[in-house]
Amino acid sequence: MTTKKLVIVSSGLSTPSSTRQLADRLVSDAAGLLGERGIEVEVKVFELRDLAHDITNHLLLGFAPPKLQAALDAVAAADGLIAVTPIFTTSYAGLFKSFIDVIDPDALTDLPVLIGATGGTPRHSLAIDYAIRPLFTYLHAIPVTTGVFAATGDWGDGGDGVRSLPDRIFRGAKEFADLVERTDRSDRVSDPFSLDRPMGHLLGGLAGE
Amino acid sequence: MQFGIFTVSDITQDPTTGRTPSEAERIQATLTIAKHAEEVGLDVFALGEHHNPPFWSSSPTTTLAYIAGQTSTLQLSTATTLITTNDPVKLAEDYAMLQHVSGGRADLMLGRGNTGPVYPWFGKDIRQGLPIAIESYELLHRLWREDVVDWEGKFRTPLQGFTSTPRPLDDVPPFVWHGSIRTPEVAEQAAYYGDGFFANHIFWPASHTARMIALYRQRYEHHGHGTAAQAIVGLGGQVFMRKNSQDAVNEFRPYFDNAPVYGHGPSMEDFTQQTPLTVGSPQEVIDRTLGFRDYVGDYQRQLWLIDHAGLPLKTVLEQLDLLGEEVVPVLRREFAKDRPADVPDAPTHASLVAAKYGDAAPRQATPRANRGDNLTAGSPYQDAEPVAAAASGSSFGPAATRTAGAR
């Protein structure tokens with residue numbers, strides 16, 4: 001049976017967090033869909049709240065403490081990333097951006113991403129498309145078309161009157177699962193120390209390598 | 001094994017007094033520290049290069065030349081010389097000169113630099129940092145080994161029949177260490193030339209440093225310079241000591257908490273656990289340093305950073321005393337104990353001269369009478385075989401020049 005590696009990054013700040021709740025539902029649908037296609041998933045969940053001090057220390061010092069390094073390694077080696085953040089003041093949470101900032105700029109290339117966000121009112125929902133999506137596009141990740149925004153009202157029965165939250169979650173999860181199914185990304189993770197460009201290449205191919 | 005200190009030349013406020021030394025004061029203090037390093041029996045003093053406040057060391061060879069005149073055994077090095085923003089021709093000249101005035105006590109450690117803006121200040125593009133480092137070093141390497149160099153590359157003006165003067169002392173170039181914190185290509189570069197590799201070490205976990213050095217060792221062997229265990233490795237580290245461990249912790253904490261390089265980040269306890277920083281008794285420094293060998297193998301040079309973060313001169317000199325009296329003698333003994341016989345010491349001028357000439361007299365480059373034409377008759381030096389120097393120089397020779405030019 002094939003196994004795909006999914007990483008969940010949730011940057012909700014409270015406990016319990018509706019951001020984490022949305023993340024759980026997204027991964028649950030995605031895992032279900034992949035399971036139906038005979039694909040197992042290995043899921044790693046990182047709550048950025050637990051890594052907040054490490055992230056700040058990395059920003060100040062330039063290296064990741066062990067717990068944060070584990071998260072960075074997992075993201076770099078994933079087949080799919082589900083990234084969920086609260087929306088603060090029309091954009092992603094600062095903690096979420098700080099985490100993105102300490103990721104190696106090449107580490108997200110070709111990575112399927114399902115974006116989720118939470119906020120007080122549906123009027124923030126476009127933040128997914130004008131703030132978060134460009135971030136992943138810049139890093140050459142592949143964010144799926146549907147981003148799932150859950151406003152406070154969505155958790156009750158009101159919602160925004162367009163599609164129910166479970167519908168939107170399923171739609172996003174399906175687009176994500178389709179990409180994750182096809183990617184062989186985690187098999188291609190390269191070790192920077194394996195030096196795919198040894199000196200002969202660096203100097204112009206003259207060392208017989 | 002060589003033991004010494006390296007300084008980044010920062011001028012930092014002493015957080016316990018609120019006082020910041022002047023440039024003049026800090027420069028004089030550093031000269032005092034360097035001289036004291038020799039007095040307490042250390043082997044190496046190394047100096048960084050920076051071109052912006054709060055650092056003062058923009059002219060390492062001037063500084064090291066003075067120290068050379070004030071000392072007699074101390075090995076003088078840099079940490080690091082910027083191979084990216086300095087002209088390799090000027091580097092070849094300056095460091096050959098330093099080698100002469102110091103009687104062969106100079107080596108240099110090359111690096112790419114860590115301040116982005118320094119590139120445009122010297123007309124370079126940081127996005128080309130690695131290609132510049134590789135091309136510039138290839139040129140520097142040739143300028144020291146070939147009397148007359150024809151060269152064309154991407155990042156500086158071409159050279160036609162150029163002779164870098166003075167020629168290296170005894171026609172043996174200064175030993176070069178390549179310093180890097182995180183770039184595997186630099187480990188490869190060091191291995192390729194059979195030069196030394198210095199892992200800065202001080203801001204990185206042991207696992208990372210271990211991988212960098214393992215790569216360098218493996219590639220050193222691959223390129224045919226010896227076995228992996230014989231590769232020439234240097235490590236950085238930083239220490240603060242008092243006789244009693246707790247005194248060291250209490251005294252250093254305000255410096256750690258406020259230092260531009262560590263401050264307001266992790267706790268000193270977390271940082272000491274994750275990096276080579278050791279704050280404690282001399283015995284703790286001994287134990288920690290001996291432990292480095294467990295993950296990098298037998299190595300040749302250990303440099304400590306001891307004068308940063310606003311520490312006053314008096315304190316730094318006391319650190320040197322502790323290193324000289326209590327730490328280094330034990331480390332010399334302990335490191336020598338299980339060291340395999342075929343693992344070499346760090347190269348020195350004397351060992352390189354012996355390797356090149358055996359019992360024969362070293363070459364002393366002596367210019368011919370001025371011919372007004374250095375291009376057509378081989379070497380401008382009367383004691384060199386024409387052409388022979390070029391053929392035995394770089395393993396690339398003229399073909400590399402053409403390719404580099406065509407890129």
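Chain letters run A, B, ... following the sequence lines, proteins first and then strands; every chain starts at 1. These numbers were taken from a predicted model, which means no experiment stands behind them.
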**Item:** Engaged part of B:S207 at the chain A interface, taking heavy atoms whose separation is under 4.5 Å
**Value:** neither

**Prompt:** Is the shortest heavy-atom distance from the side chain of B:E138 to the side chain of B:Y193 under 4.5 Å?
**Reply:** yes

**Item:** Most contacts with chain B, counted as non-hydrogen pairs under 4.5 angstrom, among A:T56, A:L61, A:D54, A:L59
**Value:** A:L61

**Request:** Mind ranking B:P266, B:A214, B:G265 by heavy-atom pairs under 4.5 Å with chain A and telling me who comes out on top?
**Result:** B:P266

**Asked** With the threshold set at 4.0 Å, does a side-chain nitrogen-carboxylate oxygen contact exist between A:D178 and A:R182?
**Response** no

**Lys/Arg N to Asp/Glu carboxylate O, B:R142 vs B:D150, below 4.0 Å** = no

**Request:** Establish, from distance only, whether the side-chain atoms of B:H178 and B:E188 form a donor-acceptor pair under 3.5 Å.
**Result:** no

